Amino acid sequence: QVQLVESGGGSVQAGGSLRLSCAVPGYIYSNSWKIGWFRQAPGKEREAVAAIFRGGEISYYVDSVKGRFTVTQDNAKNTVYLQMNSLKPEDSGMYYCAADTRYGGPGIDRRRYNYWGQGTQVIASS
């Protein structure tokens with residue numbers, strides 16, 4: 001059951017930027033241990049990209065996006081953002097946001113999230 005709504009995907013040239021948004025229902029946002037971003041390319045497993053933990057002071061990034069992607073949150077809007085700069089073709093895929101109100105623990109484990117969005121497509125072409 002879809003609870004979160006992603007937006008902001010699109011098609012850009014390599015080196016370009018996109019900002020993804022994840023709108024989270026208030027009852028989920030206020031009870032979340034963490035909110036994460038995942039991506040999935042065709043034929044590949046869904047992988048963690050970034051996560052932000054309750055309070056917003058702690059975040060996680062997969063090595064391949066460190067220094068290029070930034071995850072932030074706006075508590076007034078119950079929204080989490082993923083700013084993606086210097087996009088590469090290998091960043092292409094469907095991007096999903098997810099919230100964890102149940103498990104706690106590391107941001108990289110997709111099994112530790114219990115609410116998901118439908119995804120937004122990102123294409124970075126060379």
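Note that the structure is predicted; figures quoted are calculated from it, not measured.
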Between [atom1] on residue [X] and [atom2] on residue [Y], distance to nearest 0.5 Å:
X	Y	atom1	atom2	result
I52	S32	CD1	OG	11.5 Å
D100	N31	CG	CG	11.0 Å
E57	S59	CD	OG	10.5 Å

Test log, rule side-chain contact (heavy atoms from CB on, under 4.5 Å), inputs Q3 and I28: CA-CA 9 Å; Q3 301 281 356; I28 295 175; 3.6 Å; yes

Taking E6 for the side chain and Q118 for the main chain, is one N or O donor matched with an acceptor at less than 3.5 Å? yes

For K34 and I58, indicate whether the former's side chain and the latter's backbone hold a donor-acceptor pair under 3.5 Å. no

Residues forming a side chain to side chain donor-acceptor pair (under 3.5 Å) with N85, sequence neighbours excluded: S17, Q83

Sequence-distant partners of T101, side chain to side chain donor-acceptor pair (under 3.5 Å), two or more places apart: N114

Mind jotting down which residue pairs meet the ring-ring contact (aromatic ring centres under 6.0 Å, His included) criterion with at least one end in residues 66-101? Sequence neighbours excluded, please. none

Provide the full list of ring-ring contact (aromatic ring centres under 6.0 Å, His included) pairs with a residue in residues 10-62, sequence neighbours left out, each pair given once. F38-Y113, F38-W116

Which pairs with one or both residues in residues 68-86 pass salt bridge (charged side-chain N to carboxylate O under 4.0 Å, His left out), sequence neighbours excluded? R68-D91

Looking only at non-hydrogen atoms, find the nearest pair between S92 and A41 and report the distance. O-CB, 3.9 Å

Looking only at non-hydrogen atoms, find the nearest pair between A50 and L82 and report the distance. CB-CD1, 4.0 Å

Give me each pair satisfying disulfide (SG to SG under 2.5 Å) with a member in [range], each pair once, sequence neighbours excluded.
range	answer
residues 12-116	C22-C97
residues 50-81	none
residues 28-96	none

Which side-chain N or O atoms in residues 102-109 pair as donor and acceptor under 3.5 Å with protein atoms at least two apart or in another chain?
{"unit_1": "D109", "atom_1": "OD1", "unit_2": "R111", "atom_2": "N", "d": "2.9"}
{"unit_1": "D109", "atom_1": "OD1", "unit_2": "R111", "atom_2": "NE", "d": "3.0"}
{"unit_1": "D109", "atom_1": "OD2", "unit_2": "R111", "atom_2": "NH2", "d": "3.2"}

Please, which pairs that meet side chain to side chain donor-acceptor pair (under 3.5 Å) have at least one residue in residues 45-55, sequence neighbours excluded? R39-E47, Q40-R46

Among residues at least two apart in sequence or on other chains, which ones pass salt bridge (Lys or Arg N to Asp or Glu O under 4.0 Å) with K66? D63

Give every donor-acceptor pair under 3.5 Å between a side-chain atom in residues 119-126 and any protein atom, sequence neighbours left out.
{"unit_1": "T120", "atom_1": "OG1", "unit_2": "G9", "atom_2": "N", "d": "3.1"}
{"unit_1": "Q121", "atom_1": "NE2", "unit_2": "G93", "atom_2": "O", "d": "3.4"}
{"unit_1": "S125", "atom_1": "OG", "unit_2": "V12", "atom_2": "O", "d": "3.4"}
{"unit_1": "S125", "atom_1": "OG", "unit_2": "Q13", "atom_2": "OE1", "d": "3.1"}

